Protein chains: 2
Amino acid sequence: MAVARKPNVGVTELAQKTGITKSRAYRLLHTMEQRQIVKRTSESTYGLGDAMLILGITASTQTDMIRLATPILEELCQRVNETVQLRIIDGVEALCIAKAEPSRDLRVHANVGRRRPLYAGSPKCLLAYQQPDFIDRCVPAKPPALTAQTPKSRRAILAELERIRGQGYCVSRGEVSEHQVSCAAPVYALDTSVVASIHVVAPAFRIRDSELAHIIRLATSAAERLSRALGWSEEG
Amino acid sequence: MAVARKPNVGVTELAQKTGITKSRAYRLLHTMEQRQIVKRTSESTYGLGDAMLILGITASTQTDMIRLATPILEELCQRVNETVQLRIIDGVEALCIAKAEPSRDLRVHANVGRRRPLYAGSPKCLLAYQQPDFIDRCVPAKPPALTAQTPKSRRAILAELERIRGQGYCVSRGEVSEHQVSCAAPVYALDTSVVASIHVVAPAFRIRDSELAHIIRLATSAAERLSRALGWSEEG
DNA sequence: CCTAGGCGTTTCGTCTACCGAAACAAGATC
DNA sequence: GATCTTGTTTCGGTAGACGAAACGCCTAGG
């Protein structure tokens, strides 16, 4: 898992990160390489191997989340005619685990596996519903100003999270990338915790406020349907 | 990996399949459950867990195969306007690890993670280039007759594999499913072994022989481009 | 209603194979 | 060429994994 978090590093650094001895790290990597769990990406750096690829693909067919989400994402994608993503929290980042893209030429491109910080743009929708101490760790004191619209202070972000919790969705107008607008709605699990979020992301010029309201309704509805499919119900 | 191969089984069966004692199987599953590598799918059956999902998604971004293949599959998909798949061998089956689908209404649906036998239909393209003893193990003496077009004997299948090796591609007209036609071309790795295959699969009524020839050319070309991207060259 | 056999789970004493520290080889950097 | 780095190997000691067997708890079947 350390290799997954930070690929293309050597034995020594991995040993330090994980707090194990260099001998042990070397031996573990060596046997993992034999089993194709990791592979060398260069002379002495490691990345995840083919076995993990196969296991991961198999896991995605065994795991309810993606299997249940795929048709919902595709229907939402078709209705809004924009790119749709499903994200979960991994570590202190938002990880895209599924997507659906419309067939029109000009669209926002999405990548399964891409990570984004939780404190900026629509990933805030995921962050808003986490434990206070986790939120505390994730929001930096001085967030980097990606665009003119990026919230400039920790205080501003925390206020935004509060608003998200109140209205039940999140809208980001050019916070991460100048000409993109995205909105997201939370997906609840059986235990009423938020386990994922559904995002619609589009070129800013195409989305007027009236359309945005419509998109939010559809996204919220899709998120709610996925929540129900995962066992959640209104009265948890 | 045994859990991946056969999900929803209990401790005892897994212990037998893997040849380890029941005690060991139980303890391993127990700690794997804590680490979210596996999870219980019911009271006493196991499936792959969330950690494997995350690792697998991460692996797919670190692994050259899928990263390099995705744009090639999408271009091929756009050109033939039919569903396109990338398959590899896992165990004695063909595993779909990536796909691209056109946006037209009537199309063949593909699922990443789905497995198919190697001895029927276009997966024969993968089988044809394997070691003789592996082929021997994969081709059953009495193949099940899925449709009227399914090869009826072991001998017929072996002859077909020979033909595939000769022409460099594989065509299946309704061998697995009555109204589907599919063709496939092999993807070579640096060591000139066949590591994957690119498949185009379409409704039979839409594909006349003249179009089929065109599709084969495009599929073969796409497979060759992927091969080159993986380091293969004409004179290996 | 009882028994037999299946399951997952727990215990226990043995002993193995994994561990950390240290040495070693091989490049880098200066 | 001295001195840092890397990755790799050796070695003795012991932590902890191991298999066998026992233990509840089921269900099936007589």
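Since the model is a prediction, treat every value here as computed from it, not as a measurement. In what follows, chains are A, B, ... by sequence order, proteins preceding strands, each numbered from 1.
- Residues A/R27 and B/E13 both approach DNA chain C. Their nearest nucleotides, taken by heavy-atom distance, put B/E13 toward the 5′ side.
- Between D/dG7 and A/Y26, no contact under 4.0 Å exists linking OP1 or OP2 to a side-chain N or O.
- Inter-residue side-chain proximity for A/Q16 and A/K22 is flagged as unmet; no heavy-atom pair is nearer than 4.5 Å.
- Rounding to whole angstrom units, CD1 of residue B/I20 and P of C/dG8 are separated by 13 Å.
- Side-chain atoms of B/R116 and B/S122 include no donor-acceptor pair closer than 3.5 Å.
- At the heavy-atom level, A/S23 lies under 4.0 Å from base atoms of the strands shown.
- At whole-Å resolution of the value, CE in A/M32 and P in C/dC18 are 13 Å apart.
- Rounded to whole Å, atom C1' of D/dT6 lies 14 Å from atom CG of A/L29.
- Side-chain contact check for B/T63 versus A/K39: some heavy-atom pair is nearer than 4.5 Å.
- Candidate nucleotides C/dG8, C/dA21, D/dT8 were compared by shortest atom distance to the side chain of A/R40, and D/dT8 ranks first.
- Protein atom CD of B/E43 is 11 Å distant from nucleotide atom P of C/dG8, rounded to whole Å.
- The residue A/T12 sits close only to the backbone: its heavy atoms come under 4.0 Å of sugar-phosphate atoms, none of a base.
- When the P atom of C/dG6 is taken as reference, atom NZ of B/K22 falls 10 Å away, rounded to whole Å.
- Between the CZ atom of B/R24 and the P atom of D/dA17 there is a distance of 11 Å, given to the nearest Å.
- B/H30 places its NE2 atom 17 Å from the C1' atom of D/dC18, with the value rounded to the nearest Å.
- Partner of B/E175 under the side-chain hydrogen bond (donor to acceptor under 3.5 Å, both in side chains) criterion, chosen from B/K124, B/Q180, B/Q149: B/K124.
- Regarding B/L28, its CG atom lies at a distance of 15 Å from the P atom of C/dT10, rounded to whole Å.
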